[in-house]
Amino acid sequence: MSAVNESIHKAKYEYPYMDIGYNFDDHFLHFHEETEVLYVYEGSIIADIDSENHILKEGDICIILPSQIHTLIPIGYIKIRVMKLYPVINLINIRLKKNIYTPDDEHYNFLLENINRIVNEDSVKLPGYELSVVTSCGNIMLYILRDLPQEESADISLKRLEYSTNFINDVNAYLEANYKSQITLEEIASSFNYSRSYFSRLFKEITGTNFIDYLNIFKLKKSIQLLKNTNTSIEDIAFSSGFNNLRSYNRSFSRHFGQSPGHYRKQFNK
């Protein structure tokens, strides 16, 4: 289980991490040291960034800076391009006035031009493509630093970030060990030697969501792995993922992913 501080899908110094097909299974609440750039070229997606929900539609570009806690939820069938740029420029103390750039935005064409160049060079792989990709990544990073409107001040405490990371790591470790049982807010708060109200308030402050919703998504993620990789019945998957009954599992799955567990599974059994 990857924690909020994402340790998978890392960019390398000499090359960005790229995912053209994009797998949402690993993308729940998390942050990372790289700058993430997304381009939606079919469908729509919800991007929750620092507790603010954004709807990205076809053609939109999203930039997520280091340490911004976020999650992505598709709205039906989508296709997006994702790239994570190695932090050659320190952007951790920067906050943009907006994360989403639509085709009518003055900054859009520059961003799209470099995104398309990165994707095309990576796909064709002509001699020297690595240099071209890294150059375009640098163009985007420098444009973020110099040209995109920023908030006047963004006082990001590294100590606070470290504390938040450790807290969520500990929460995830607890969930990993206990998700098949019926975890209550009182139980997990007690395991941290916190009161119910303090734990709830702290969790909301750090993650931007309440604990019950987070727990629900945690269990859904467990079920996704079983749907994709086993022939276990959906009812058994529901119980083994920590849900009380099949009905609540189906309802929760459909609410978050816009389709039933059965329909989701069919995509991998064609």
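Residue numbers start at 1 and run along the sequence shown. When reading the values below, keep in mind they use all heavy atoms of this one structure, side chains included, and skip hydrogens, waters and symmetry mates.
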**Report entry** Verdict with reasoning, Ile55 to Ile100, per side-chain contact (heavy atoms from CB on, under 4.5 Å)
**Finding:** CA-CA 9 Å; Ile55 303 295; Ile100 313 303; over 6 Å; no

Report task. Verify side chain to side chain donor-acceptor pair (under 3.5 Å) between Ser248 and Asn245, making sure each step is shown before the conclusion. Result -> CA-CA 6 Å; Ser248 64; Asn245 55 67; 3.2 Å; yes

Requested in this report: Starting from the C-alpha separation in whole Å, work towards a yes-or-no answer on side chain to side chain donor-acceptor pair (under 3.5 Å) for Asn169 and Asn172.
Outcome: CA-CA 5 Å; Asn169 279 336; Asn172 282 334; 5.0 Å; no

Requested in this report: Please lay out, stage by stage, how Leu175 and Tyr214 fare under the test side-chain contact (heavy atoms from CB on, under 4.5 Å).
Outcome: CA-CA 10 Å; Leu175 298 185; Tyr214 188 91; 3.9 Å; yes

Report task. Evaluate side-chain contact (heavy atoms from CB on, under 4.5 Å) for Asn178 paired with Ile188, printing each intermediate quantity in order. Result -> CA-CA 10 Å; Asn178 298 283; Ile188 191 170; over 6 Å; no

**Report entry** Thr102 vs Asp60, side chain to side chain donor-acceptor pair (under 3.5 Å): CA-CA, chis, key distance, verdict
**Finding:** CA-CA 5 Å; Thr102 57; Asp60 289 351; 5.2 Å; no

Query raised in the report: Going through the distances and angles, do Ile183 and Phe211 end up as a side-chain contact (heavy atoms from CB on, under 4.5 Å)?
Result: CA-CA 11 Å; Ile183 301 173; Phe211 173 72; 4.2 Å; yes

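In this structure, the side chains of Val40 and Ile78 stay at 4.5 Å or more apart for every pair of heavy atoms. Side-chain contact check for His54 versus Leu56: some heavy-atom pair is nearer than 4.5 Å. Side-chain contact between Phe203 and Asn210 is absent, with no heavy atoms from C-beta onward closer than 4.5 Å. For the pair Val133/Pro16, a side-chain contact is recorded, criterion being any heavy-atom separation below 4.5 Å from C-beta on. Side-chain contact between His70 and Asp48 is absent, with no heavy-atom pair separated by less than 4.5 Å. Side-chain contact between His107 and Pro149 is present, with heavy atoms from C-beta onward closer than 4.5 Å. Two residues are said to be in side-chain contact when any heavy atoms from C-beta on lie closer than 4.5 Å; Leu202 and Ser200 fail this criterion. Side-chain contact between Pro66 and Thr35: present, with at least one pair of heavy atoms (C-beta onward) separated by less than 4.5 Å.
Among all heavy-atom pairs drawn from Tyr249 and Ser223, the shortest one is OH-OG, 2.9 Å. Residue Leu145 comes nearest to Gln150 through the heavy atom pair O-NE2, 3.0 Å, listed as atom of the first residue, atom of the second, then distance. Nearest heavy-atom pair across Glu34 and Lys84 is OE1-CE, 3.7 Å. Nearest heavy atoms, Glu36 versus Val82: OE2-CG1, 3.5 Å. Nearest heavy atoms, Phe199 versus Ala189: CB-CB, 3.6 Å. Closest non-hydrogen pair, Lys219 versus Tyr179, comes out as CD-O, 4.0 Å.
For the atom pair OG of Ser252 and CG of Leu220, the computed distance is 4.0 Å after rounding to the nearest 0.5 Å. Distance check, rounded to the nearest 0.5 Å: NZ of Lys228 to CG of Leu226 gives 11.5 Å. With rounding to the nearest 0.5 Å, the separation of CD1 in Ile115 from CD1 in Ile61 is 4.0 Å. Taken from CE in Met83 to CE in Met18, the straight-line distance is 4.5 Å, to the nearest 0.5 Å. Remark: Leu227 CG to Ile234 CD1 distance equals 6.0 Å, nearest 0.5 Å. Ile46 contributes atom CD1, which lies 10.0 Å from atom OG1 of Thr71 (distance to the nearest 0.5 angstrom).
Using bins of under 30°, 30° to 60° and over 60° for the plane-to-plane angle, the ring pair Tyr41/Tyr39 lands in the parallel bin.
Of the possible polar contacts, none joining the Ser190 side chain to the Asn193 backbone as a donor-acceptor pair under 3.5 Å is found. A donor-acceptor contact shorter than 3.5 Å is absent between the side chain of Gln225 and the backbone of Lys222. Between the side chain of Arg265 and the backbone N or O of Thr230, at least one donor-acceptor pair lies under 3.5 Å. The backbone N or O of Ile237 lies less than 3.5 Å from a partner atom in the side chain of Ser240, making a donor-acceptor pair.
Between Glu113 and Arg117 there is a salt bridge, since at least one side-chain N of the basic residue sits less than 4.0 Å from a carboxylate O of the acidic one. Salt-bridge annotation for Asp105 and Lys98: present, with a side-chain N of the basic residue lying under 4.0 Å from a carboxylate O of the acidic one. Arg196 and Glu186 are joined by a salt bridge, as a carboxylate oxygen and a charged side-chain nitrogen come within less than 4.0 angstrom of each other.
Listed by chain and residue number, nothing satisfies the side chain to side chain donor-acceptor pair (under 3.5 Å) test with Asn116 (two or more places apart in sequence, or in another chain).
In this structure, Phe192 has its ring center under 6.0 Å from that of Phe167. Aromatic pair Tyr108/Tyr101: ring centres not closer than 6.0 Å. Aromatic ring centroids of Phe218 and Tyr174 lie 6.0 Å or more apart.
Hydrophobic clustering places Tyr15 together with Val37 (ILVMFWY residues linked when any side-chain heavy atoms are closer than 4.5 Å, directly or through intermediates). In this structure, Ile49 is a member of the same hydrophobic cluster as Leu38, with clusters built from ILVMFWY side-chain heavy atoms closer than 4.5 Å. Hydrophobic clustering keeps Leu85 apart from Leu131 (ILVMFWY residues linked when any side-chain heavy atoms are closer than 4.5 Å, directly or through intermediates). Cluster annotation: Tyr86 and Ile144 are assigned to the same hydrophobic cluster (Ile/Leu/Val/Met/Phe/Trp/Tyr, side-chain heavy-atom contacts under 4.5 Å, transitive). There is a path of hydrophobic side-chain contacts, each under 4.5 Å, that joins Ile168 to Ile212.
Seen from the ring of Tyr17, Lys12 does not count as a face-on cation partner, given the 6.0 Å and 45° thresholds.
Among residue pairs with one or both ends in residues 118-131, those qualifying as salt bridge (charged side-chain N to carboxylate O under 4.0 Å, His left out) are Asp122-Lys125; sequence neighbours excluded.
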